[in-house]
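Some notes on the structure that comes next.
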Amino acid sequence: MDEETIERVRTAVQSIPPGQVATYGDVADVSRAPSPRLVGRVLSEDGHDLPWHRVLRANGTCAPHLAREQLELLRAEGVLADDGKINLRQYRWAAVPPPEEPPSLF
DNA sequence: GTTTTGACGGAGA
DNA sequence: TTCTCCGCCAAAA
């Protein structure tokens with residue numbers, strides 16, 4: 001895997017402002033990761049220095065093992081969860097993709 | 001070299 | 001609305 005992709009993923013996660021959250025798909029999209037699963041893998045392996053608690057699943061829930069920590073950390077930032085689920089419509093991060101887009105072929 | 005699994009997303013039931 | 005199945009890419013066994 002390209003180290004740059006990992007770096008972009010980490011940058012994207014760090015770009016999430018407090019009080020807001022993003023989904024794995026969003027992070028994968030803005031970081032141009034090949035797959036959302038790569039985001040989870042990157043966070044799992046190298047996400048110790050990142051605000052990983054601001055990254056949730058597409059449906060607003062989080063991973064079972066992390067749910068408690070996630071909710072607690074997010075709660076400290078003002079992101080309240082209802083029944084273990086977060087209103088993405090309210091807290092979803094307005095992800096802005098980097099200007100580096102795939103070049104036009106002509 | 002192949003097979004399995006994972007901090008996931010989306011569609012179908 | 002929630003649950004299940006399939007597809008996705010990469011690393012580990």
Side-chain angles (χ1 to χ4, degrees):
Chain A
M1 141 131 61
D2 292 330
E3 193 67 27
E4 271 195 23
T5 303
I6 299 176
E7 197 62 28
R8 276 197 296 273
V9 171
R10 295 171 56 165
T11 303
V13 174
Q14 288 178 100
S15 300
I16 304 172
Q20 294 187 11
V21 297
T23 67
Y24 290 92
D26 288 340
V27 176
D29 186 44
V30 302
S31 62
R32 304 191 328 171
S35 161
R37 306 196 79 152
L38 266 295
V39 178
R41 182 166 294 281
V42 170
L43 292 180
S44 179
E45 294 181 351
D46 216 8
H48 49 83
D49 283 341
L50 301 171
W52 54 268
H53 56 270
R54 293 177 193 149
V55 186
L56 336 169
R57 295 212 245 183
N59 58 347
T61 60
C62 40
H65 29 266
L66 301 172
R68 289 235 302 173
E69 288 295 316
Q70 274 246 348
L71 269 40
E72 187 175 340
L73 290 168
L74 289 174
R75 186 182 62 184
E77 296 186 353
V79 180
L80 304 182
D82 177 53
D83 192 43
K85 289 174 289 191
I86 294 174
N87 290 340
L88 287 178
R89 300 177 306 173
Q90 182 177 357
Y91 296 109
R92 192 169 200 186
W93 173 44
V96 284
E100 191 170 355
E101 287 292 307
S104 304
L105 293 177
F106 67 103

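Keep in mind that what you see is a predicted model, and the values were worked out from it rather than measured. Throughout, protein chains are lettered first and strands after them, A, B, ... in sequence-line order, and every chain is numbered starting at 1.
Side chain of A:Ser15 to backbone of A:Thr11: a donor-acceptor contact under 3.5 angstrom is found.
From A:Leu43, atom CG reaches atom NE2 of A:His48 across 10.5 Å, with rounding to the nearest 0.5 Å. Rounding to the nearest 0.5 Å gives a distance of 12.0 Å between NZ of A:Lys85 and CZ of A:Arg57.
A 4.5 Å side-chain heavy-atom check between A:Val13 and A:Pro51 finds at least one atom pair inside the cut-off. No side-chain heavy atom of A:Gln14 sits less than 4.5 Å from a side-chain heavy atom of A:Asp49. Residues A:Trp52 and A:Gln70 meet the side-chain proximity criterion, which asks for heavy atoms closer than 4.5 Å. Using a 4.5 Å heavy-atom threshold, the side chains of A:Arg54 and A:Pro18 count as touching.
Nearest-nucleotide positions on DNA chain C for A:Leu38 and A:Lys85 put A:Lys85 closer to the 5' end.
Checking each of A:Leu74, A:Asp26, A:Thr61 against A:Leu56 for a side chain to side chain contact (heavy atoms under 4.5 Å, CB included) leaves exactly one that passes, namely A:Leu74.
On the nucleic acid side, DNA chain C has its first and last nucleotide under 4.0 Å of a heavy atom of chain A at C:dT2 to C:dA11, going 5' to 3'.
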Could you walk me through whether A:Ile86 and A:Cys62 satisfy the side chain to side chain contact (heavy atoms under 4.5 Å, CB included) test, starting with their C-alpha distance in whole Å, then the side-chain angles of each, then the deciding distance to 0.1 Å, before giving a yes or no? CA-CA 9 Å; A:Ile86 294 174; A:Cys62 40; over 6 Å; no
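For DNA chain B, none of the residues of residues 71-82 of chain A falls under the heavy-atom distance limit of 4.0 Å.
Considering all non-hydrogen atoms of both residues, A:Ala33 and A:Val39 come closest at CB-CG2, 4.2 Å.
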Which letter, B, S or -, goes with each nucleotide of nucleotides 7-13 of chain B from 5' to 3', with contact meaning a protein heavy atom under 4.0 Å? BBSS---
